[in-house]
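A short worksheet on the structure shown next.
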Amino acid sequence: MSENTLIYILQANRLMRSDDEIAAFENALAELANNPKSEYLPELYLVLDDRCQHEEVMFSLVHFLESFEVKEQLQAFLHVLPKLLDSAPEWTRIIHTRILNDELTSALYQEMLNSVDSHTKNVVTQLLNEILKERHPVKT
């Protein structure tokens, strides 16, 4: 099956409302994992959806995304970030938290942020500030 077809199956079943949708999602992801191609990373990030009813299954997609070379992951993530933030703000936060939790990935991400457009940079800065406030709330 082609990568485009497999990504379509992931998109169509991303809410995982039934056992059949879960199975279709897992099977498509497993097939993609047999021959991973980084050019599909942007489309794969856009499969993430906060309305998904089985977060643990969706995490298998996150783990798959993280299996690619870090720079490729981050480039694709930054490319789709504004759109992803609209469709999956919680997953966007989860990915950012995971980036922040890895020192080398975080340093590379900061470096890459210098070359993105100002809108994306502002969106990321605002999101990172929110995450940091949650981690270290100001005591009054």
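Within a 6.0 Å sphere centred on CD of E103, other residues, nucleotides and ligands contribute 12 heavy atoms or fewer. Other residues, nucleotides and ligands contribute more than 12 heavy atoms inside 6.0 Å of the OH atom of Y40. Counting non-hydrogen atoms of neighbouring residues, nucleotides and ligands closer than 6.0 angstrom, the NZ atom of K71 reaches no more than 12 such neighbours. Applying the 6.0 Å contact sphere to CG of N35 captures more than 12 heavy atoms from other residues, nucleotides or ligands.
A pairwise comparison of heavy atoms in N13 and A24 identifies ND2-CB, 3.6 Å as the closest pair. Nearest heavy-atom pair, L65 versus Q73, reported as atom, atom and distance to 0.1 Å: O-CG, 3.1 Å. Closest approach of A33 to P36, counting heavy atoms only: O-CD, 3.3 Å.
For the side chain to side chain contact (heavy atoms under 4.5 Å, CB included) with V70, the qualifying choice from T105, I99, D102 is T105, the only one to do so.
In this structure a side-chain-to-backbone donor-acceptor pair under 3.5 Å is present from H96 to T92. Side-chain atoms of E21 come within 3.5 Å of backbone atoms of R17 as a donor-acceptor pair (strictly under, hydrogens ignored).
E31 contributes atom CD, which lies 7.0 Å from atom CG of N34 (distance to the nearest 0.5 angstrom). In this structure, OG on S106 lies 9.5 Å from CG on L74, to the nearest 0.5 angstrom. Of the inter-residue distances, the one linking S87 atom OG with D50 atom CG reads 7.5 Å to the nearest 0.5 angstrom. Note: I7 CD1 to M1 CE = 12.5 Å, rounded to the nearest 0.5 Å. The structure places CZ of F64 at 6.0 Å from CG of L44, a figure rounded to the nearest 0.5 Å. Atom CE of M58 sits about 13.0 Å away from atom CD of E90, to the nearest 0.5 Å.
Between F25 and H54, the distance separating the two ring centers is not shorter than 6.0 angstrom.
If you chain together hydrophobic residues whose side chains sit under 4.5 Å apart, Y8 and L41 never meet in one group. F59 and L10 end up in the same hydrophobic cluster when Ile, Leu, Val, Met, Phe, Trp and Tyr side chains are linked at under 4.5 Å. A continuous path of Ile, Leu, Val, Met, Phe, Trp and Tyr side chains, each step under 4.5 Å between heavy atoms, connects F68 with L81, placing both in one hydrophobic cluster.
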### Query
Would R98 and I94 count as a side-chain contact (heavy atoms from CB on, under 4.5 Å) if you check the C-alpha gap in whole Å, the side-chain angles of each, and the deciding distance to 0.1 Å?
CA-CA 6 Å; R98 293 172 75 85; I94 288 168; 3.9 Å; yes
### Task
Determine, stepwise, if the pair L15 / Q53 fulfils side-chain contact (heavy atoms from CB on, under 4.5 Å).
CA-CA 6 Å; L15 299 183; Q53 295 185 19; 5.6 Å; no
- Task: Verify side-chain hydrogen bond (donor to acceptor under 3.5 Å, both in side chains) between T120 and D117, making sure each step is shown before the conclusion.
- Result: CA-CA 6 Å; T120 301; D117 63 86; 3.0 Å; yes
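The shortest distance between side-chain heavy atoms of I9 and N27 does not fall below 4.5 Å. Put simply, the side chain of L113 reaches to within 4.5 Å of the side chain of L78, judged on heavy atoms. Looking at heavy atoms from C-beta onward, L108 lies out of side-chain contact with L104 at the 4.5 angstrom threshold. Looking at heavy atoms from C-beta onward, E69 lies out of side-chain contact with S38 at the 4.5 angstrom threshold. A heavy-atom distance below 4.5 Å is found between the side chains of L100 and L128. Between L48 and V62, some side-chain heavy-atom pair lies under the 4.5 Å cut-off.
Ring geometry for F77 against Y45 counts as tilted: the plane angle lies between 30° and 60°, on a 0 to 90° scale.
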